[in-house]
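Notes follow the structure.
Residue numbers run from 1 in the order of the sequence given. Everything quoted here is computed from the prediction, not taken from an experiment.
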Amino acid sequence: MKLKKLIMKKMKYYKSLFDLKNRVTFVVGGSGLIGREILLAHLCKGSKVINLDIKKSNIKHKNLISKIIDLSDYKSSSQKILELIDQYGIPDIYINCSYPKTKDWVKNNFSALTAESYKMNLDIHLNSYVLISRLLAEKMKKKKQGSIVLLGSIYGLVGQDLSIYKNTNMRENITYSVIKGGIVNYTRQMASYYGPKNIRVNCLCPGGVLDKINSKNKNFIKNYKTKVPLGRLAKTREIAACCLFLSSNASTYVTGTTMLVDGGWTSI
């Protein structure tokens, strides 16, 4: 009888791990390629989701609230976040999957980079990740709990393999590596400081993700596949599922980690 009760208790526990009912999730960048899938994953698990993006989400759901935010203006974006906290409460989960960039982003390579573009991209991308996550973590301290997930990249850990751009119009990007490398190590620093406050901070680092743009570039797809043990690019749902793990009770003893979702890219 005792064994039966124990098994039932364990089954109830494991069944509830990904349950996000009564949780509030703030997502920055929820209208983008990966962000949209992350929104859906958290909505499906019962969370109330506040999407903050420069453009509104086309998803309609009773638990989804979409607000416009401009990450290039920290003063206005932070003020909007504080107003949303007053309205919906301190979030249990905060996810930043935004990808803000300047119009000349494609010129952020070694031969064409300008100091102005470099500094602007660092400000709107890396600095917004740092400042907004700190703002929310400080609020989470009042609840004595919280989960923060920041989107990094394999190129925050390793250099770009230029051979995958052969016979394409794609180039290396200096600024991207600097930004994502900063986010990876900032995550560790956050985890160290906020861990005693029961706030977990993790970095999710995807490899190449299949989208409408790169799917048309046959040479890029061919080159990329030869470099990945799994032989393909990631699907957005595979990134969202890992994000769901990091934001849920399934990962209550995971903080400061860099979770690679790259098909084995960084293993070789």
Distance in Å, Arg171 CZ paired with Asn109 CG, rounded so as to fall on 0.5 Å steps: 4.0 Å
Of all the heavy-atom pairs spanning Asn202 and Arg200, show the shortest one and how long it is. ND2-NH1, 3.6 Å
Return the minimal non-hydrogen interatomic distance between Thr266 and Asp262, and the atom names on each side. OG1-OD2, 2.6 Å
Do Ile54 and Ile69 share a hydrophobic cluster, counting only Ile, Leu, Val, Met, Phe, Trp and Tyr and linking them when any side-chain heavy atoms are less than 4.5 Å apart? no
Verify same cluster id: Ile68, Leu135 (apolar side-chain graph, 4.5 Å): no
Would you compute the distance between atom CD1 of Ile85 and atom CE of Met140 and round it to the nearest 0.5 angstrom? 8.5 Å
Rounded to the nearest 0.5 Å, what separates atom CG in Asp104 from atom CD in Glu116? 9.5 Å
Residue pair Ile179 / Leu126: nearest heavy atoms and the distance that separates them: O-CD1, 3.7 Å
Backbone of Lys75 reached by a side-chain donor or acceptor of Ser78 within 3.5 Å: yes
Between Leu151, Ile132, Leu71, Ile124, which is the residue that forms a side-chain contact (heavy atoms from CB on, under 4.5 Å) with Ser98? Leu71
Applying the side-chain contact (heavy atoms from CB on, under 4.5 Å) test to Tyr94, which of Ile199, Leu150, Ile81 qualifies? Leu150
Considering only heavy atoms from C-beta outward, does the side chain of Tyr165 approach that of Asn223 to under 4.5 Å? no
Is there a side-chain contact between Lys48 and Phe26, using heavy atoms and a 4.5 Å cut-off? no
Going by heavy atoms in the side chains, are Ser128 and Ser77 under 4.5 Å from each other? no
Between Gln79 and Tyr74, is a side chain to side chain contact (heavy atoms under 4.5 Å, CB included) present by the stated rule, with each step listed? CA-CA 8 Å; Gln79 183 58 42; Tyr74 175 70; over 6 Å; no
Quick check: is Trp105 connected to Met120 through a chain of hydrophobic side chains (ILVMFWY, heavy atoms under 4.5 Å apart)? no
Calculate, to the nearest 0.5 Å, the distance between atoms CD1 and OG1 belonging to Ile93 and Thr25 respectively. 3.5 Å
Residues Asn121, Thr175; criterion side chain to side chain donor-acceptor pair (under 3.5 Å); working and verdict: CA-CA 7 Å; Asn121 279 292; Thr175 316; 5.4 Å; no
Is there a side-chain contact between Arg36 and Ser31 in this structure, where contact means two heavy atoms from C-beta onward sitting under 4.5 Å apart? no
Salt-bridge criterion met for Lys67 and Glu83 (N-O under 4.0 Å): no
Any donor-acceptor pair under 3.5 Å linking the side chain of Asn198 with the backbone of Gly195? no
At what distance, to the nearest 0.5 angstrom, does CD1 of Ile38 lie from CG of Asn96? 9.5 Å
So which atom in Cys243 and which in Val149 form the shortest heavy-atom distance, rounded to 0.1 Å? SG-CG1, 4.1 Å
Is it the case that one hydrophobic cluster holds both Val261 and Ile268, taking links as side-chain heavy atoms less than 4.5 Å apart, direct or via other members? no
Specify the closest pair of heavy atoms between Val201 and Thr187, including all atoms of both residues, with the distance to one decimal. O-CG2, 3.6 Å
Heavy atoms, side chains only, cut-off 4.5 Å: are Tyr194 and Arg134 in contact? yes
Quick one: does Leu64's side chain get under 4.5 Å of Asn51's, heavy atoms only? yes
Are side-chain heavy atoms of Cys97 and Val28 found at a separation under 4.5 Å? no
Could you check whether Tyr155 and Trp265, counting side-chain N and O atoms only, form a donor-acceptor pair closer than 3.5 Å? no
If hydrophobic clusters are built by linking Ile, Leu, Val, Met, Phe, Trp and Tyr wherever their side-chain heavy atoms come under 4.5 Å apart, do Val158 and Leu233 end up in the same one? yes
Look at the side chain of Asp53 and the backbone N and O of Lys56, then say whether any donor-acceptor pair between them is shorter than 3.5 Å. no
Looking at side-chain heavy atoms only, is the closest gap between Leu244 and Phe18 below 4.5 Å? yes
Can you name the nearest heavy-atom pair linking Ser247 to Ser251, along with the distance? N-OG, 4.3 Å
Let me see the working for Leu204 and Ile239 under side chain to side chain contact (heavy atoms under 4.5 Å, CB included), right down to the final yes or no. CA-CA 8 Å; Leu204 186 60; Ile239 310 302; 3.9 Å; yes
Pairs satisfying salt bridge (charged side-chain N to carboxylate O under 4.0 Å, His left out), at least one member in residues 142-170, at least two apart: Asp92-Lys143, Asp161-Lys227
Could you walk me through whether Lys101 and Asn108 pass the side chain to side chain contact (heavy atoms under 4.5 Å, CB included) check? CA-CA 10 Å; Lys101 57 185 184 293; Asn108 274 235; over 6 Å; no
